[in-house]
Amino acid sequence: MLAFWNEDNKPKATMSDIALIESRIKTNLPKAYVEFITQFGFVIFGQDEEERYHFDYIILFPDRKEVHEGNIRFMLQVDRILKAYEILTTSEFSEDDEFPKIPTNYLPIGSDEGQGIILLELGEHAGRVWYWPFNEWAWGTEDNTWLGFVADNFYDFINRLRP
């Protein structure tokens, strides 16, 4: 996977890109994520020989724990990170009370094969990786009340990807 990314030559984040994201979200990005996007860039997943792009995520309900499978297909580039963060975390984009979709302490960093989003936690537990399968409801309403936990940090997330 690493060899493929090194040869694929996708755009890499610059320190200016990092500073721009951090200024918009008003906090520092986790070190592991910064190292990844500056070293490997905004890569596509599943195109390596083993097609590693699947991961497990855990949903903790009050009465049970469920494990599901998710996938990541690509990392969002800077402009899409900022646009997705703005849209998904504010209510200014719809008159139908469908927004926000996710809490403000999560940064969209990648996308699955559909409309699901890979999220990076900000704040107290900065760096943890989560999965949000697309949901039409605003955050905290109907069944848009949970995120799937994926990994404690971005290194673990990448290392646990499987075919």
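All of these numbers come straight from a predicted model, not from anything done at the bench. The basis for the numbers below is simple: all heavy atoms, side chains too, and nothing from hydrogens, waters or symmetry mates.
Listed here is the closest heavy atom pair of Asp8 and Lys10: OD2-CE, 3.0 Å. Contact between Asp112 and Gln115 at its shortest, heavy atoms only, is OD1-N, 3.4 Å. Nearest heavy-atom pair, Ile58 versus Lys65, reported as atom, atom and distance to 0.1 Å: CG2-CG, 3.5 Å. Between Pro30 and Ala126 the shortest heavy-atom distance is CG-C, 4.1 Å. Between Pro108 and Ile102, the shortest heavy-atom contact is CG-CD1, 4.3 Å. The nearest pair of heavy atoms linking Leu76 to Ala84 is CD1-CB, 4.4 Å.
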For this session: Please step through side chain to side chain contact (heavy atoms under 4.5 Å, CB included) for the pair Asn153 and Val129, ending with a clear verdict.
Result: CA-CA 6 Å; Asn153 59 64; Val129 179; over 6 Å; no
Exercise. Can you list the steps and then say if Gln77 with Met75 is a side chain to side chain contact (heavy atoms under 4.5 Å, CB included)?
Worked result: CA-CA 6 Å; Gln77 293 187 29; Met75 298 289 291; over 6 Å; no
Problem set entry | Evaluation steps, side chain to side chain contact (heavy atoms under 4.5 Å, CB included), between Arg73 and Asn71 | CA-CA 7 Å; Arg73 279 311 203 164; Asn71 66 78; 4.1 Å; yes
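Arg80 contributes atom CZ, which lies 13.5 Å from atom CD1 of Ile109 (distance to the nearest 0.5 angstrom). Atom-to-atom distance recorded for Phe99:CZ and Ile87:CD1 is 7.0 Å, nearest 0.5 angstrom. Rounded to the nearest 0.5 angstrom, Met1 CE and Tyr53 OH are separated by 13.5 Å. Once rounded to the nearest 0.5 Å, the distance linking CZ of Phe4 with CD of Glu51 reads 10.5 Å. Separation of atoms CD (Gln39) and CG (Asn6) is listed at 7.0 Å; rounding is to 0.5 Å. Here Ile72 contributes atom CD1 and Ile117 contributes atom CD1; the two are 9.5 Å apart, rounded to the nearest 0.5 Å.
With no hydrogens or angles considered, no side-chain donor-acceptor pair links Glu98 and Trp137 at under 3.5 Å.
In this structure, Trp146 has its ring center at least 6.0 angstrom away from the ring center of Tyr131.
Here Glu22 pairs with Ile18, Asn28, Leu29 under the side chain to side chain contact (heavy atoms under 4.5 Å, CB included) rule; sequence neighbours left out. Residues forming a salt bridge (charged side-chain N to carboxylate O under 4.0 Å, His left out) with Asp156 (at least two apart in sequence, or on another chain): Arg160. Contacts of Leu20 classified as side chain to side chain contact (heavy atoms under 4.5 Å, CB included), with partners at least two apart in sequence or in another chain: Ser23, Arg24, Val78, Leu82.
The cluster map of Ile, Leu, Val, Met, Phe, Trp and Tyr, joined by side-chain heavy atoms under 4.5 Å apart, puts Tyr85 and Leu147 in different clusters. Clustering ILVMFWY residues whenever any of their side-chain heavy atoms sit less than 4.5 angstrom apart, transitively, puts Trp130 in the very cluster that holds Trp132. One hydrophobic cluster, built from ILVMFWY side chains closer than 4.5 Å, holds both Phe61 and Val150. The cluster map of Ile, Leu, Val, Met, Phe, Trp and Tyr, joined by side-chain heavy atoms under 4.5 Å apart, puts Ile44 and Leu2 in the same cluster.
Atom CD of Glu142 has more than 12 neighbouring heavy atoms from other residues, nucleotides or ligands inside a 6.0 Å radius. Within 6.0 Å of NZ on Lys31 lie no more than 12 heavy atoms contributed by other residues, nucleotides or ligands.
Considering only heavy atoms from C-beta on, Phe149 stays 4.5 Å or farther from Ile59 through its side chain. With a 4.5 Å cut-off on side-chain heavy atoms, Leu107 and Leu119 do not count as touching. Residues Tyr106 and Leu122 fail the side-chain proximity criterion, which asks for heavy atoms closer than 4.5 Å.
Ring geometry, Phe157 versus Phe154: the interplanar angle falls from 30° to 60°, so the pair is classed tilted. Classification of the Phe36-Phe45 ring pair by plane angle, with boundaries at 30° and 60°, yields parallel.
At least one donor-acceptor pair closer than 3.5 Å links the side chain of Asp48 to the backbone N or O of Arg52. The backbone N or O of Leu88 sits nowhere less than 3.5 Å from a side-chain atom of Trp139 that would complete a donor-acceptor pair. A side-chain donor-acceptor contact under 3.5 Å links Lys101 to the backbone of Glu136.
A salt bridge links Arg162 with Glu69: the closest approach of a Lys/Arg side-chain nitrogen to an acidic carboxylate oxygen falls below 4.0 angstrom.
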